[in-house]
Amino acid sequence: MPTVYVCLWFDTEDFIAPIADDAARDVAQVMTGEGVPGTFKLVGEKARSLERRDRWDAISALGRHDIGYHTNYHSIHPTITEYVRGLGWDEGASEFERREESGLRDLERIFCTEISCYGQPGGAWAPQAFPALKKWGLIYVDEGDNIGFREEPFWYCNTLTVFRLHWNCHRADLWGSDAEYGSSLERFDEIYNRLSRTGGLISIFYHPTEFVHAEFWDCVNYRHGINIDPKDWKMPRQRSEDEARTGYERFRHYLRHILSKPEAQVVTAAELPDLYPDLAAGHLFTAADIAAISRQCPSGIRELEAGPGFLSPAEQFALLSGFLRQRGVGSVSLRQPLGPKERILTTRLPLEVSIEAFMDAAGRAEQCLELAGHLPDQVAMAGTSVAPAEMMLGMAQVCEALIHTGQLPGEITLRPADFQMESYAEDSDHLWDWMIFAEDFTAPRVVELTRLQTWTLKPARLAL
Ligand SMILES: [Zn+2]
């Protein structure tokens, strides 16, 4: 029977209420007591406040588990999306790194450990976070609607990403009625039974502060774009002692329920990279693989299973480009560029170009891959500019000719390409209805950049 992996993660963020420090300690101790490893994603300011308040009991209880990162200041404005929303790709990526790195280093210092993963605060998604995460060696673990791939982990911007697991995401209703708690366990069983046929991952998340509070610390202090001076902090409404006790009892029972499933295995975020290796990375791709990419392109540019794993469209683009650079001779090693940074449409189509003009343009696209590590936004050719999707379709034509005839074709005709990955990124106003954002907040540029980077999207396959 395939294994059903279960990852429990806890956004540990409330740096306002000291009682939330107790909750972080107590949740970690319940996990330890049941022998269940968890991933506690801490906010930098939370870790520093534990240190300032001398809460070494909480730090040592949390430190028995996997530690992830949950931004430097969480809901203090500007939040992540707020500070990148007006920025382009490079500027946003630099700003994220500049503001967030010190919190990560504080976690490493306070917990004396490597940090495994990152997840955004609330709805504060930003694709510009990914270059820094890759550099820091963190995977993405969170839940939201901005992007997803068939309710399973996926690769995005060359980072393993657990996001929008949706039907495979579960939370037992620890504070509802007995009937509600019971039916939430039935829903866990449904997920478990479904995934035990194929193998897969169940994502479970809580916030330690929820175990002692009936409302969120940030909703009472940082709601709708407002910042508040720490001396004016309001404490969130606490749960009654009975309610809190029931929550902990049910949590323990929930853990035992998970452990009672014969094929369930609890894993931390730190273990996920070994469970979901990128088998395509480092692989050499043959002419037969290039032919498979070239054949798929006319029916739509999308992920492709080739060689030992999956290829994103950006990886396929780089393989075609490498094959052309080698004039169809030998195998091509995989490169993993980012997607384009701007959307520029090809306006003159169909476009007939000589092979000399096309290969010259392909050489410049190749330079962009090699020197900048991303797909070009556009490639100048025959007095116009060609977007990456049409360029890729043209490269596929030339690669096919090289494979079948050993020769470059005389001229090629560029036609509209069908890039099919953008539908995996959602574009809707409800993405921004997190209570911390201003009521009319939107971030169209963030959505646009998220969509452009779907060039890097591909499924993550569970290791056998
Ligand atoms: Zn959070």
Side-chain angles (χ1 to χ4, degrees), residues 7-21 23-25 27-28 38-50 58 62 65-84 96 99-100 103-104 106-107 111 115-126 129 133 138-147 161-165 169-171 174-175 203-228 233-237 268-269 431-437 441 443 446:
C7 184
L8 293 110
W9 47 275
F10 302 86
D11 283 355
T12 310
E13 56 191 49
D14 178 355
F15 48 80
I16 287 182
I19 191 179
D21 300 348
R25 176 199 60 200
V27 171
T39 295
F40 289 80
K41 285 158 53 192
L42 274 96
V43 166
E45 186 60 14
K46 172 72 177 181
R48 291 185 295 268
S49 70
L50 287 173
L62 292 166
H65 295 272
D66 178 35
I67 301 293
Y69 186 39
H70 193 39
T71 73
N72 211 351
Y73 291 99
H74 202 280
S75 298
I76 295 182
H77 303 283
T79 63
I80 311 270
T81 319
E82 289 167 341
Y83 69 68
V84 302
F96 177 85
R99 287 176 177 266
E100 305 299 337
L104 175 73
D106 283 337
L107 292 194
F111 288 94
I115 309 303
S116 64
C117 65
Y118 165 85
Q120 73 206 36
W125 161 266
L133 303 183
L138 307 184
I139 66 167
Y140 205 105
V141 177
D142 216 299
E143 182 63 13
D145 289 331
N146 307 72
I147 189 166
T161 303
V162 178
F163 202 70
R164 206 165 81 189
L165 258 56
C169 184
H170 188 258
R171 281 166 57 89
L174 304 181
W175 303 284
S203 177
I204 295 174
F205 71 92
Y206 291 96
H207 307 71
T209 189
E210 285 179 277
F211 284 74
V212 288
H213 291 121
E215 58 188 354
F216 275 104
W217 61 280
D218 50 352
C219 286
V220 296
N221 288 288
Y222 296 97
R223 201 184 184 99
H224 295 325
I226 304 295
N227 268 345
I228 189 166
W233 277 343
K234 295 191 226 24
M235 291 298 146
R237 187 160 42 85
T268 63
L431 292 176
W432 313 115
D433 57 15
W434 185 35
M435 204 103 65
I436 302 308
F437 292 140
F441 184 80
V446 168

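Quick caveat: nothing in here was measured; it's all calculated off a predicted structure. Note that ligands are numbered from 1 as they come in the structure, with each ligand's atoms numbered from 1 the same way.
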Requested in this report: Any chance you could lay out the side chain to side chain donor-acceptor pair (under 3.5 Å) test for E210 and W175, step after step, and finish with the verdict?
Outcome: CA-CA 9 Å; E210 285 179 277; W175 303 284; over 6 Å; no
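- With sequence neighbours left out, the ring-ring contact (aromatic ring centres under 6.0 Å, His included) criterion links F216 to H207.
- For the atom pair OH of Y118 and CG of L138, the computed distance is 10.0 Å after rounding to the nearest 0.5 Å.
- With sequence neighbours left out, A269 forms a side chain to side chain contact (heavy atoms under 4.5 Å, CB included) with T39, D66, S116, C117, I139, V141.
- For the Zn ion (ligand 1), the nearby protein N/O/S atoms, meaning those under 2.8 Å, are E13 OE1, H70 NE2, H74 NE2.
- Counting heavy atoms from C-beta outward, K41 and I115 have side chains that stay 4.5 Å or more apart.
- When the side chain to side chain donor-acceptor pair (under 3.5 Å) test is applied to S75, the partners found at least two apart in sequence or on another chain are D218.
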